Enquirer: 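Shown below is the structure under consideration.
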Amino acid sequence: MAPKNGRLIIQSGNVFDSLKGTIAENKTIVIEGKKIVWVGDDGSFEKEKNDQIIKAAGKTILPGMVESHVHLEATGDPQYEREYMRTKTSMWCFIALNNAQKQLASGFTCVRDCGSSPGWIASLRRILEMGLLAGPRLVVADNGVAQWGNQEAIAPDFMLAYYRQIGEVKAGVVGVKHAVRDRKRAGADFIKTLTTGGVLHGMESKLGTSLFTDEELEGMVEEAHRIGMHVASHAHGLEGIYRAVKAGIDTIEHGSFLDEETADLMKKKGSFLVPTQAALIHLLESGILEQMPPEVQVKTKETSKSQMNSHKIAFERGVQVTVGTDAGTPGNYHGRTGSEVKYMVENVGMTPSQALQAATIVGAKCVHLDDKIGVIEKGKIADIVICNKNPLEDITIIENPKNFSHVIKDGKVMVEKGVITYFSP
Ligand SMILES: [Zn+2]
């Protein structure tokens, strides 16, 4: 259902104003090509001959939502390490496409990939930009700039050699600056780094510490900003969050052990928080955790105890909090980001309107695309979700893609009632 020559019209819907957090009733949206060219009262809309009209009376129209943290090449399979060993490199792009389409079908028209195997994901982004296949707008990090030597590496020798080849970051400011340029060369839009260990990594991977020095972090940020990239840091523990924010890192991923002082610094510096509550919620619910090493079980339980309170502190102190799930981690499948929007209401203390702002305009700012998406107004790209019900009255409707009559990306209807209907003409 792509308009042939004419315009695409969404007629007489109730439009969510993501800047104000309110609904404007009975508005008509006119789309030409990829862009919104007119938004106004239904009464002043002038129909043209070839217009293709979607009647939206009584429906709620949202800007396409932004998912700020996923790993598209990872499926969420609990046996991910085994599956990874059985997957050819050339298959990752197709797995990622499938996951990206799940995100699109669930109303997320922009997805930030926070780390994938090196070299291929910029190609997927370009294919989707060209409109050859249905999929969301991608913002990609390529391979993360990880703390090399965070823990003892345990794997067969050939795997260790491969990891060294693809992931070694040399020490020092020169080393991290080279890694930033290397990611740029691979087509990355932004840099993903880590300033603490991980919950799913081994015992020695501590959540409170980072192997990067302050000079290295500042050098990484300086080089990334200089060449037009923002920097995201995986950071659970307080020290790693604080040092990342102090060094000028733009977005904090997870942010599990935050205090007021650090939240205030984040606000002052304009850093974003991407909570990714889905990762631990699904890990704990799924029964997968029991199959994991004992130290991972301990870290997961401690982190999940602290996490929701930390996110609440951040939001209450005025930090910009956006929506991201870390989809791809064990038990954390793609296409369920609507639940994370609900968690923002249930666990962080947002109103439904604030949670929708987090998923739209705040997300657009977080991924540095707020000049193009995140709000429905003249001149912006037409990324739009049409909801049969009003999520301001019941935020849980966001969880079920069947509640969306249409998902539009780049001015093209790509999904109807949760099913992809777009094919390249
Ligand atoms: Zn992640």
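If you're wondering where the values come from, they're calculated on a predicted model, not measured in any experiment. Heads up: numbering here begins at 1 and tracks the sequence. In each ligand, atom 1 is the first atom listed, and ligand 1 is the first ligand listed.
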Enquirer: Answer yes if the side chains of Thr337 and Gln103 hold a donor-acceptor pair under 3.5 Å, and no otherwise.
Expert: yes

Enquirer: Any N/O/S atom from His234 (main chain or side chain) under 2.8 Å of the Zn ion (ligand 1)?
Expert: no

Enquirer: Could you label the plane-to-plane angle of the His254 and His234 rings as parallel, tilted or perpendicular, counting under 30° as parallel and over 60° as perpendicular?
Expert: perpendicular

Enquirer: Has His69 got an N/O/S atom less than 2.8 Å from the Zn ion (ligand 1)?
Expert: yes

Enquirer: Does a salt bridge link Arg243 with Glu239, judged by any charged N lying under 4.0 Å from a carboxylate O?
Expert: yes

Enquirer: Should the heavy atoms of other residues, nucleotides or ligands under 6.0 Å from NE2 of His178 be counted, would the total exceed 12?
Expert: no

Enquirer: Quick check: of its N, O or S atoms, which one does Asp326 have closest to the Zn ion (ligand 1)?
Expert: OD1

